[in-house]
Amino acid sequence: MSKCFDIAKAFYADLGVDVEAAFKRLDNIPVSLHCWQGDDVNGFENSSALDGGIAVTGNYPGRARTIEELRADISKVLSLLPGKKRLNIHAIYADTNGRKVERNELDASHFSSWIDFAKAENLGLDFNPTCFSHPLATNGTLSSADAKVRQYWIEHCIQCRKIGAEMGRQLDNPCVTNIWIPDGFKDTPYDRLAPRKRLEEALDAVFAVKVDEKYNRDAVECKLFGIGAESCTVGSHEFYMGYAISRKKLCCLDAGHFHPTEVISDKISSCLLFLDEILLHVSRGVRWDSDHVVCWDQELQAIASEIIRHNFDQRVHIGLDYFDASINRIAAWAIGARNMYKALLFALLEPAAMLKDAEDSGDYARRLGLMEELKSMPFAAIWNEYCERANVPGGMDFLQAVKDYEIAVTSKRK
Ligand code: RNT
Ligand code: ZN
């Protein structure tokens with residue numbers, strides 16, 4: 001234990017904050033690491049290029065090209081993260097031994113090696129159908145006007161929920177299976193209702209198949225627009241909010257899926273008045289849904305504070321969703337994920353009683369003053385201690401670990 005930590009701890013104790021209790025609580029808040037930062041959302045089907053209105057930019061060397069490389073990279077990233085972890089995978093990351101398996105024919109056997117990996121790394125798993133980067137996804141998926149296309153994606157989503165439940169069962173840890181579809185229109189549609197009605201019916205068909213809720217939770221992710229779908233997105237926020245509440249599903253809030261000045265931190269409290277649980281895709285949109293690496297910015301802190309202040313730890317599932325290929329991918333992954341834990345820890349160190357008292361007594365100057373002063377508390381010493389206790393590098397040292405791995409491993413991938 002460092003001297004700095006002792007001093008910092010005393011600073012927080014003065015405010016009535018128990019650092020050890022904060023550590024204990026953080027130990028039980030999982031963050032789900034998205035596998036797709038490692039390979040630019042490529043997956044292992046070796047066919048279609050990334051589409052669906054999302055885009056990865058940059059071509060930094062060292063992208064994981066095989067399942068083995070991706071897992072090695074994930075293990076490296078995990079070794080740089082303190083706290084509880086989960087792993088979030090997409091259907092296109094199936095382990096099919098090089099065989100082509102149609103997405104509507106995928107089953108849990110194609111993910112058994114991921115389940116083994118999760119066991120070895122002590123992770124819970126989360127899952128996603130992949131309703132993009134596929135020849136049948138060029139003109140809508142679950143909302144397509146073509147019944148055969150809709151049926152294909154309905155079957156894919158059903159299979160994915162079964163896979164999720166099997167992951168949850170084998171790991172004895174419920175899996176969140178999140179459905180996101182890219183369906184939308186580049187130009188102004190005449191009829192916005194019909195595709196939404198088709199989506200509603202298709203989702204009902206997907207969820208009509210019962211899978212054990214103990215092991216699989218269903219989430220649906222809304223969006224404002226995508227590249228090539230600028231004028232209308234079928235699965236909008238209103239659509240999925242209504243759907244999630246009426247069907248008792250989790251709604252997924254992605255930080256990049258709203259108007260640029262709209263923030264998901266403000267939506268959490270409202271959603272949780274009407275829903276038991278929600279899923280977050282913590283991301284950072286820069287001007288658009290650009291999926292930049294998550295920074296420890298005001299919004300990230302606000303998201304974490306909302307979760308902590310209202311004891312939503314177990315009702316908000318925290319997932320990460322960003323992809324940057326312009327810098328070392330392992331660093332990008334670790335920087336964003338560490339920021340998530342950091343923001344949670346910072347929120348856990350808020351002097352709740354003091355802030356609440358200022359607010360309840362109407363002393364808003366004191367509330368603002370406290371919030372501002374808290375920003376310059378000796379937080380770094382607490383964060384470093386949390387990392388050290390978890391045997392991961394505190395402070396900037398993780399960058400050296402990434403560099404070493406780059407020299408030994410990723411730079412050799414040609
Ligand atoms: C796309 C959504 C979706 C994807 C991942 C890969 O805008 O955010 O969650 O990023 O499923
Ligand atoms: Zn997302």
Side-chain angles (χ1 to χ4, degrees), residues 30-46 48 50 52 54-56 58 60 62-81 84-96 103 106 108 110-134 156 160 163-164 166-168 170-171 173 175-180 219 221 252 254 279-283 291 293-294 317-325 328-338 340 402 405 409-410 413:
V31 173
S32 195
L33 188 74
H34 54 314
C35 78
W36 50 92
Q37 162 60 37
D39 74 334
D40 312 342
V41 208
N42 248 41
F44 303 116
E45 285 182 346
N46 298 320
S48 313
L50 179 62
I54 55 179
V56 180
Y60 196 86
R63 179 176 70 82
R65 299 154 304 177
T66 62
I67 224 163
E68 291 74 26
E69 288 181 352
L70 186 65
R71 287 190 189 136
D73 292 359
I74 291 169
S75 296
K76 180 43 72 180
V77 176
L78 293 172
S79 76
L80 305 174
L81 309 181
K84 198 166 172 165
K85 296 143 206 127
R86 305 177 60 82
L87 178 65
N88 195 4
I89 59 186
H90 243 280
I92 45 171
Y93 292 81
D95 186 356
T96 61
R103 290 194 200 165
L106 286 169
H110 303 114
F111 293 89
S112 60
S113 65
W114 279 113
I115 296 172
D116 292 343
F117 179 75
K119 283 183 186 154
E121 292 277 2
N122 191 24
L123 305 163
L125 284 177
D126 296 310
F127 198 50
N128 307 263
T130 310
C131 302
F132 52 84
S133 305
H134 188 279
H156 175 54
C160 286
I163 294 166
E166 187 56 21
M167 288 171 168
Q170 289 193 33
L171 298 169
N173 189 335
C175 169
V176 178
T177 299
N178 175 53
I179 298 180
W180 172 73
E221 181 178 3
C252 171
D254 183 308
L279 169 66
L280 300 183
H281 272 187
V282 180
S283 190
D291 291 287
V293 177
V294 166
H317 300 264
I318 305 172
L320 302 171
D321 186 10
Y322 51 86
F323 20 93
D324 190 336
N328 180 306
R329 290 173 186 76
I330 317 276
W333 231 340
I335 291 167
R338 284 167 67 93
M340 187 70 242
V402 174
Y405 187 73
V409 181
T410 52
R413 295 176 187 161

- Item | Asn173 side chain near Arg86 side chain, heavy-atom distance below 4.5 Å | yes

- Query: Asn88 and Asn128: side-chain donor and acceptor closer than 3.5 Å?
  - Reply: yes

- Task: Please round to the nearest 0.5 Å and tell me the distance separating atom CD1 of Ile92 and atom SG of Cys131.
- Result: 11.0 Å

- Who pairs with Asp116 by side chain to side chain donor-acceptor pair (under 3.5 Å), at least two apart in sequence or on another chain? none

- Query: ring-ring contact (aromatic ring centres under 6.0 Å, His included) with His281: which residues, sequence neighbours excluded?
  - Reply: none

- Are Met340 and Ile318 side-chain neighbours, meaning at least one heavy-atom pair lies under 4.5 Å? yes

- Query: Does His134 have any side chain to side chain donor-acceptor pair (under 3.5 Å) partners at least two apart in sequence or in another chain, and if so, which?
  - Reply: Tyr152

- Item | Partner residues of Arg65 under the salt bridge (charged side-chain N to carboxylate O under 4.0 Å, His left out) criterion, sequence neighbours left out | Glu69

- Message: Could you work out, with ring-ring contact (aromatic ring centres under 6.0 Å, His included) as the rule, every residue matching Phe44, not counting sequence neighbours?
- Response: Tyr93

- Query: Just how far is it from atom NE2 of His317 to atom CG of Asp126, taken to the nearest 0.5 Å?
  - Reply: 8.0 Å

- Identify whether the distance between the nearest side-chain nitrogen and carboxylate oxygen of Glu45 and Arg103 falls below 4.0 Å. yes

- Task: Output all residues satisfying side chain to side chain contact (heavy atoms under 4.5 Å, CB included) with Ala118, sequence neighbours left out; order by chain, then residue number.
- Result: Leu123, Leu125, Leu171

- In Å and rounded to the nearest 0.5 Å, what is the OG1 to CE distance from Thr177 to Met167? 7.5 Å

- Single hit among Phe127, Phe132, Phe323 for ring pair (Phe, Tyr, Trp, His ring centres under 6.0 Å) with His90: Phe132

- Query: If you round to the nearest 0.5 Å, how far is CD1 of Ile89 from SG of Cys160?
  - Reply: 10.0 Å

- Identify, with sequence neighbours excluded, every residue that meets side chain to side chain donor-acceptor pair (under 3.5 Å) alongside Arg338. none

- Message: For Asp40, give me all partners under side chain to side chain contact (heavy atoms under 4.5 Å, CB included), at least two apart in sequence or on another chain.
- Response: Val56, Arg63, Ala325, Arg329

- Using the test side chain to side chain contact (heavy atoms under 4.5 Å, CB included), find all partners of Gln170 that sit at least two apart in sequence or belong to another chain. Ile115, Lys119, Glu166

- Message: Under 3.5 Å, is there a donor on one side chain and an acceptor on the other for Ser283 and Asp321?
- Response: no

- State which residues pass side chain to side chain donor-acceptor pair (under 3.5 Å) with Asp324; sequence neighbours excluded, sorted by chain then number. Ser326

- Between CH2 of Trp333 and CG of Leu320, what distance do you get to the nearest 0.5 Å? 11.0 Å

- Item | Non-neighbouring partners of Arg71 that pass salt bridge (charged side-chain N to carboxylate O under 4.0 Å, His left out), sequence neighbours left out | none

- Item | Asp291 and Trp36, any side-chain heavy atoms less than 4.5 Å apart | no

- Item | Those residues that, when tested against Asp254, pass salt bridge (charged side-chain N to carboxylate O under 4.0 Å, His left out) (two or more places apart) | none

